[in-house]
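Data first, discussion second: the structure below is written as structure tokens.
A, B, ... follow the sequence lines: proteins, then strands. Residue 1 opens every chain. Everything quoted here is computed from the prediction, not taken from an experiment.
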Protein chains: 2
Amino acid sequence: MGVAPTFAAMITLGIIEDQLAIREALCEYLDAQPEFSCVLCAASHEEFVAGLAGLAVLPTLVLSDIGLPGRSGIEGLALLQQLLPAAEVLMLSVYTDAERVFEALRQGAVGYLEKTTPLPLLKEHLLQVAAGGSPMSPSVARHVTRYFRPQAAAPLAGLTPREQDIVRGIEDGLSYKLIADRLGLSLDTVRSHIRQVYRKLQVNSRTEVIAKSRSRPSLW
Amino acid sequence: MGVAPTFAAMITLGIIEDQLAIREALCEYLDAQPEFSCVLCAASHEEFVAGLAGLAVLPTLVLSDIGLPGRSGIEGLALLQQLLPAAEVLMLSVYTDAERVFEALRQGAVGYLEKTTPLPLLKEHLLQVAAGGSPMSPSVARHVTRYFRPQAAAPLAGLTPREQDIVRGIEDGLSYKLIADRLGLSLDTVRSHIRQVYRKLQVNSRTEVIAKSRSRPSLW
DNA sequence: GGCGGTATCGCATAAAGATGCTATACGCCC
DNA sequence: GGGCGTATAGCATCTTTATGCGATACCGCC
């Protein structure tokens with residue numbers, strides 16, 4: 001933070017990282033940048049939270065490791081957002097497995113970077129966060145793009161177009177009557193299609209159809 | 001494409017972009033890189049598909065604009081994946097609105113970049129795709145991270161813990177009977193809770209509860 | 001100590017859904 | 001031409017849901 005005044009455009013940083021060498025490298029490098037001021041560096045989530053109390057200027061951007069002793073970076077996300085509602089949290093981790101990535105995003109992380117990210121690139125990413133972006137390492141982003149591609153293993157694959165229309169109606173919460181109206185069919189025709197859908201999907205109620213069709217990896 | 005032999009490590013590119021200046025800039029710049037060989041550049045999706053027939057070497061990576069005359073880049077994604085099952089498609093667009101981003105990812109795009117991406121950075125991103133990554137411009141990624149944060153506006157917030165248990169049962173496709181068994185309740189108690197849930201959520205069927213509870217921006 | 005909210009349970013009835021069986025019509029394919 | 005799959009439709013019947021109108025019990029609160 002040095003002697004320079006903290007002017008408005010400066011981004012105040014918080015860093016949570018248990019490995020001493022990495023923490024110091026991050027702090028020193030980033031604090032040396034004119035755009036950043038590192039206001040709090042901690043070796044654990046608990047330490048970080050405790051340190052917040054004594055700060056005159058709160059961080060607006062927190063860089064957090066995931067594999068921490070005590071409360072993990074992901075577990076601490078909710079608390080962090082409560083204590084620093086204006087701050088954004090960027091995860092920095094050696095782990096890039098889908099579980100952790102999704103859980104972090106779900107808990108409100110604004111981005112997710114590999115720990116191997118070189119410092120100058122990391123700086124770029126931090127600036128992007130400040131500019132409204134959400135930096136993700138490519139391998140992290142790959143999990144995300146995969147998530148959005150459900151039609152590959154979609155259980156609705158074996159259904160005819162008409163049957164899929166019906167299923168869409170069910171997913172939208174419509175009654176048989178409303179589905180019939182929407183598709184311009186008779187009630188009994190809707191019944192027929194649904195019967196067929198039930199046979200193909202091996203179920204016997206509308207809610208089961210929904211449960212089957214949105215078969216996401218149960219990450220939630 | 002040049003005279004150099006196409007060796008295994010080389011990435012064969014396809015480019016779909018209607019604006020002549022941009023298309024040429026992309027082709028020329030990328031083809032000049034040692035890592036890439038641009039095998040097909042087209043001004044429209046239709047032209048690209050037609051051009052595939054005459055190729056000796058198929059592209060393994062396609063860079064596609066979205067705002068194209070005729071078939072849009074998103075509409076063409078499915079066809080592209082059918083014709084080039086081994087290829088990955090990276091979207092390049094001036095539009096970064098959530099609708100288009102999600103639709104593209106849903107249709108199987110491997111990444112999504114802003115058109116303003118400088119060429120050297122674009123090259124980096126292309127290499128990342130080849131390395132199994134999914135590059136996304138930060139503003140694009142922001143849509144994605146926002147998507148994964150549903151608990152903020154969760155409509156189930158006003159429900160009591162017990163009522164949420166019931167809703168979970170409904171979401172799992174269970175009948176009243178099974179929900180009662182799972183929670184160790186009588187059928188009538190389940191009915192009572194569901195009645196309450198219906199009142200709070202302003203609905204009147206189990207499928208509507210599901211439709212409300214997973215209130216995603218109806219992108220699917 | 002009463003009031004509001006939650007959680008539990010019961011009964012009754014009407015509406016919606018699930019299921020069995022049947023039937024016509026169209027398109028496709030061998 | 002006959003079989004197969006799809007889309008349409010009807011009817012009968014039984015089950016499940018949805019809804020109305022109760023009840024008892026516990027807990028926190030002012």
Between P of D:dT16 and CZ of B:Arg206, the distance in whole Å: 11 Å
Has A:Arg191 got a side-chain N or O lying under 4.0 Å from the OP1 or OP2 atom of D:dG10? no
Answer yes or no: does atom OH of B:Tyr198 have more than 12 heavy-atom neighbours from other residues, nucleotides or ligands under 6.0 Å? yes
Provide, to the nearest angstrom, the distance between the CZ atom belonging to B:Arg199 and the P atom belonging to C:dT6. 11 Å
Strictly under 4.0 angstrom, non-hydrogen atoms only: write out the protein contact profile of nucleotides 3-9 of chain D, one letter per nucleotide from the 5' end, B, S or -. ---SSBB
Atom CG of B:Leu159 to atom P of C:dG5: distance rounded to whole Å? 15 Å
Between D:dT16 atom P and A:Ile194 atom CD1, what is the distance in whole Å? 17 Å
Within-4.5 Å side-chain heavy-atom neighbours: B:Leu79 and B:Arg71: yes
If we only count heavy atoms from C-beta on, is the A:Leu68 to A:Ile16 side-chain gap below 4.5 Å? yes
B:Ile166 CD1 to C:dC9 C1', in whole Å, measures 13 Å
Shortest non-hydrogen contact between B:Thr96 and B:Ser139, atoms and distance: CG2-OG, 4.1 Å
Rounded off to whole Å, could you give me the CG-to-C1' distance for the B:Asn204 and D:dG20 pair? 14 Å
Length of the CD1-P vector between A:Ile170 and C:dG17, whole Å: 9 Å
Can we say the SG-SG distance for A:Cys27 and A:Cys38 is below 2.5 Å? no
Mind checking whether B:Leu26 and B:Leu92 have side chains closer than 4.5 Å, heavy atoms only? yes
